[in-house]
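The structure appears right after this line, and notes come after that.
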Amino acid sequence: MSLAQLHYTSAPQGPDGPDGPDSRFTAVTPGIPRSLLREAEPLLGYEPPHDAPEHPGPAELAAFPQAFSHTLLSDGTRLLARAVRTGANGGGPAGSHTHAVLLPGDAGLPGGGLPISAWNSSRWASAAPAGGSPAQLEALPPSGLLGREALVGFAASRGPWLPGFLASLRELTEEASGPRDGERAARIVLVERDSADVALWIALACAVLPRDRADLLTFTTYTRRPRDARQRIVGVLPGDAPEPDGRDHHCRVHDCTSPAPAPAEQTTTDVWAGIAARVWLGRAPELFTEAAALPGGVFSPGALAVVALCADLAPGPGGRAAAADWAHTHARALGDARLRRLVETFQAESDDRTTAEFAALTRLFTALPEDLGQRLAAGLAPELRAGVADSGPGITRPVELLRVADALGVDCTDLLPGLARRLARSLLADPETADTPDLLTVLEEHFELRTALLSALDAVAAEDPPAAVRLLGRTSLALTGVQALPHLRMCAGAPWTPAAAGGDGLAALHAALRACGVSPFTDPLVLRTAVRLVWDGGAPAPGEARRLLSETGSDAHRAAGTWRTLVRAALDSPADAPADTATGVDDADAATLAHDLLRCFPDELEPRVRGALLLLEFAGEIGAGRAGPPWTERVLALRAEAEPVEPAVLDRVFGTLTRRLLSEERPEGELYALIHCGEPELLTAYATAAQEERVRDRLRTAPAYAADCFIAWSSLPGANRAWDRTRTSLLDKVLRPAVRAFSDEDTASVERGLERAGLHRAEEFRAWNRPGALSRLSRRLGGLGRPR
């Protein structure tokens with residue numbers, strides 16, 4: 001059979017474009033219809049690169065791109081053409097020559113070659129035939145430039161772009177063979193610097209496709225106008241590449257002249273394309289033909305992955321999952337030998353196996369003969385057990401792998417406690433994950449895991465009750481069954497707060513302990529959980545702490561560690577208002593609690609804490625009138641042992657001490673000890689206590705007390721600056737307003753009391769209380785003298 005030929009000469013580009021008035025057919029095989037010639041003519045012109053020289057030399061002519069094209073015409077005929085740049089005639093501008101052949105729609109090249117195989121064939125002419133009549137052309141033998149080795153080498157050089165190109169090829173092939181009315185055909189645009197590389201891409205695509213589709217694939221290795229091209233794969237130089245701006249969905253641009261995509265950008269969601277790229281990089285293109293013979297079609301990722309695995313090529317985790325799913329449906333199509341080989345590949349350990357692949361292998365397991373199923377399960381067992389035991393972040397994968405292990409009959413019973421502990425901690429850290437369908441399904445299916453998880457949650461709840469409360473409040477995790485789970489049951493019944501029990505913290509504690517169903521004497525840790533839930537990280541009031549210690553005893557608190565909470569109750573609670581305004585005796589709960597703690601936990605208390613509790617205990621003895629002197633010296637000595645002392649303790653101790661020093665029943669010498677200590681904080685506390693309303697009331701109503709305060713606050717002027725500042729303030733701001741409000745009888749009563757203490761005391765008082773200018777005595781009593 002002789003091929004019908006067309007020879008076409010393109011004149012230099014002018015205002016009319018590449019097919020100017022001088023462009024023409026120079027030789028045509030007789031019998032070709034004129035209508036076909038009119039349709040073919042626009043496809044035969046050659047537009048040189050935009051930066052091409054007008055008068056190229058021989059070396060420059062050789063560098064011009066070749067426009068090798070295969071185009072489908074309207075009557076089904078196919079046009080296979082090669083256009084090249086030619087030299088100038090007579091020194092004029094260079095032109096171009098196109099040699100084309102027509103192929104029937106139902107027949108390919110003579111000899112069975114694909115259109116792309118004719119790239120650079122020796123039978124292509126670069127000039128019109130002499131005499132204007134084409135010689136007979138029986139075949140276009142391939143040049144050999146697109147052989148197997150050339151293709152696998154080219155694929156290796158274009159590895160980063162392979163997955164994306166193959167994904168576009170599949171999409172293009174699976175679309176309709178042509179555009180609908182008013183639409184343009186989608187196309188792949190390949191950006192290369194050499195049209196020969198575009199030819200290699202086309203040959204690579206044809207090697208992937210089944211023969212019938214490869215024979216009909218239209219292409220051109222070079223064009224200046226890719227958006228207007230009629231072929232499905234078109235090659236362009238870098239300067240003519242369309243921008244992949246997202247607005248033109250008809251062009252899938254693959255720029256192989258730009259920097260190679262980063263590894264993360266080379267991945268594709270097209271599983272088949274990813275596997276096909278690995279096949280090319282594995283130098284095994286013959287596998288495409290082998291896969292096409294299997295059920296599922298040419299673009300079946302599972303079929304391609306199966307033949308890749310059996311050929312010892314790694315198709316990746318997505319490919320293995322596809323292979324397992326395909327084999328589950330088509331196991332009989334593989335035959336016994338290949339099926340066994342496939343199972344062997346799945347048995348091999350893999351460090352990138354996904355849960356989706358494991359799920360696919362589970363489905364395959366159900367379709368395998370018993371012996372192969374057992375071999376698959378035995379081979380996967382170490383990997384499954386390692387995955388279930390994995391202590392890395394996240395809980396989804398171990399749980400999913402446990403389901404797979406159950407389905408394959410792989411025993412993981414010994415791993416359940418560890419998995420349950422990790423699962424419990426993860427759920428407490430992120431309660432939202434507890435309501436995921438996979439987890440809830442596994443817990444429903446796996447009684448042993450559910451039991452182990454609830455036990456682990458109960459143990460973790462004892463460590464962090466608030467987290468357990470949040471978990472149980474956001475999930476549907478039911479505490480059914482015969483397990484005790486005391487900590488979880490307490491957390492499920494929260495809140496247990498004093499407010500919920502009418503302000504009674506102990507009542508709330510009792511309710512929490514009843515809910516857990518376990519006595520703190522049997523399991524002291526439930527006491528710790530209850531205390532944390534009731535007081536939410538804080539501490540009870542001293543009175544509540546005293547009753548709690550009395551009810552429960554020291555052993556349970558020691559075992560539960562809640563004795564530290566009782567210590568905090570004593571040391572951190574703020575000082576209460578005086579219970580007895582007549583004597584200034586402070587609330588004794590903190591002091592009594594301190595006494596009980598010193599008695600019950602002698603070995604647990606560190607020295608500093610012991611000193612602080614001794615301070616509180618001594619303050620209680622002072623307030624109750626049981627402490628013998630020295631008071632001030634003892635308080636300051638204990639304070640030094642307890643540094644740094646909690647502010648609440650210091651306020652309580654200094655408040656109790658100074659209130660007793662403001663009473664007439666203070667021990668002899670304690671006032672002078674206060675004055676001479678010069679301790680600023682203690683003197684400040686003394687001044688603060690002296691300004692309390694109970695002191696002011698007594699000053700206004702008890703002249704004898706006013707006389708006692710005058711003696712105290714006028715004593716030892718100049719002893720130290722701190723005392724001078726304190727007594728001056730008390731004389732002027734506390735005592736003077738009270739005395740000025742006295743009746744004459746009350747004033748006289750004060751003076752008589754002072755006379756009994758010594759005549760000079762009465763004289764000093766009269767001088768201090770005299771209105772008008774300050775006398776020298778008034779200045780001295782006011783603390784204005786030099787300090788001694």
Side-chain angles (χ1 to χ4, degrees), residues 148 163 166-167 169-171 173-175 204-216 268-350 352-380 383 404 407-409:
R148 182 185 187 282
L166 292 168
L169 178 67
R170 184 193 58 76
E171 293 172 3
T173 307
E174 290 185 341
E175 288 178 358
L204 188 150
C206 289
V208 169
L209 297 174
R211 175 56 192 254
D212 57 339
R213 297 191 186 186
D215 194 55
L216 296 176
T268 175
T269 56
D270 190 319
V271 179
W272 176 87
I275 302 169
R278 289 172 180 260
V279 168
W280 272 115
L281 295 177
R283 306 178 66 87
E286 61 277 0
L287 295 181
F288 292 111
T289 303
E290 188 177 341
L294 293 175
V298 65
F299 291 117
S300 166
L304 185 58
V306 164
V307 297
L309 282 167
C310 291
D312 291 328
L313 288 184
R320 293 194 302 268
D325 271 332
W326 185 93
H328 168 246
T329 305
H330 305 288
R332 292 183 179 180
L334 288 176
D336 184 68
R338 196 183 312 193
L339 184 60
R340 289 181 180 277
R341 174 69 186 122
L342 185 64
V343 170
E344 287 177 5
T345 65
F346 285 134
Q347 285 180 266
E349 186 173 350
S350 175
D352 64 348
R353 208 183 307 268
T354 63
T355 51
E357 181 183 350
F358 274 117
L361 290 173
T362 304
R363 291 188 288 273
L364 173 61
F365 174 80
T366 63
L368 292 174
E370 184 176 354
D371 64 324
L372 285 184
Q374 290 177 349
R375 289 176 60 183
L376 178 62
L380 295 176
E383 202 172 330
V404 173
L408 298 183

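For this chain, numbers begin at 1 and follow the sequence in order.
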Measuring from [X]:[atom1] to [Y]:[atom2], what's the distance to the nearest 0.5 Å?
{"X": "C206", "Y": "R213", "atom1": "SG", "atom2": "CZ", "answer": "13.0 Å"}
{"X": "L313", "Y": "T345", "atom1": "CG", "atom2": "OG1", "answer": "11.5 Å"}
{"X": "L361", "Y": "T366", "atom1": "CG", "atom2": "OG1", "answer": "11.0 Å"}
{"X": "L204", "Y": "L166", "atom1": "CG", "atom2": "CG", "answer": "6.5 Å"}
{"X": "F358", "Y": "S350", "atom1": "CZ", "atom2": "OG", "answer": "8.0 Å"}
{"X": "T173", "Y": "L209", "atom1": "OG1", "atom2": "CG", "answer": "4.5 Å"}

Kindly state each residue pair satisfying salt bridge (Lys or Arg N to Asp or Glu O under 4.0 Å) with at least one member in [range], sequence neighbours excluded.
{"range": "residues 293-306", "value": "none"}
{"range": "residues 355-374", "value": "R320-E357, D325-R363, R340-D371, R353-E357"}
{"range": "residues 294-318", "value": "D312-R341"}

Report summary line: By side chain to side chain donor-acceptor pair (under 3.5 Å), T362 pairs with (sequence neighbours left out) none

Query raised in the report: Can you list every side chain to side chain donor-acceptor pair (under 3.5 Å) pair that touches residues 270-280, not counting sequence neighbours?
Result: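 Residue pairs passing side chain to side chain donor-acceptor pair (under 3.5 Å), neighbours aside: R170-D270.
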
Provide the closest heavy-atom pair for [X] versus [Y] in the form atom of the first, atom of the second, distance.
{"X": "L368", "Y": "G373", "answer": "CB-N, 3.9 Å"}
{"X": "A327", "Y": "L334", "answer": "CB-CD1, 4.3 Å"}
{"X": "L169", "Y": "A205", "answer": "CD2-CB, 3.7 Å"}
{"X": "C310", "Y": "R338", "answer": "SG-CG, 3.4 Å"}
{"X": "V279", "Y": "A308", "answer": "CG2-CB, 4.4 Å"}
{"X": "A323", "Y": "F346", "answer": "CB-CZ, 4.1 Å"}

**Report entry** By side chain to side chain contact (heavy atoms under 4.5 Å, CB included) - contacts of Q347 (at least two apart)
**Finding:** V343, E344, R375

Which donor-acceptor pairs under 3.5 Å do the side chains of residues 290-306 make with protein atoms, sequence neighbours left out?
residue : atom : partner : partner atom : Å
S300    : OG   : A303    : N            : 3.2

Query raised in the report: Who are the salt bridge (charged side-chain N to carboxylate O under 4.0 Å, His left out) partners of R148, not counting sequence neighbours?
Result: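 Partners of R148 under the salt bridge (charged side-chain N to carboxylate O under 4.0 Å, His left out) test: E286.
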
Query raised in the report: Sequence neighbours excluded, which residues qualify as salt bridge (charged side-chain N to carboxylate O under 4.0 Å, His left out) partners of R283?
Result: E149

Query raised in the report: Which residue pairs satisfy the ring pair (Phe, Tyr, Trp, His ring centres under 6.0 Å) criterion with at least one member in residues 304-328, sequence neighbours excluded?
Result: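 Non-adjacent pairs meeting ring pair (Phe, Tyr, Trp, His ring centres under 6.0 Å): W326-H330.
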
Query - Minimum side-chain heavy-atom gap L216-D212 below 4.5 Å - result: no

**Report entry** Neighbour count >12 (heavy atoms, 6.0 Å) for atom CZ, R332
**Finding:** no

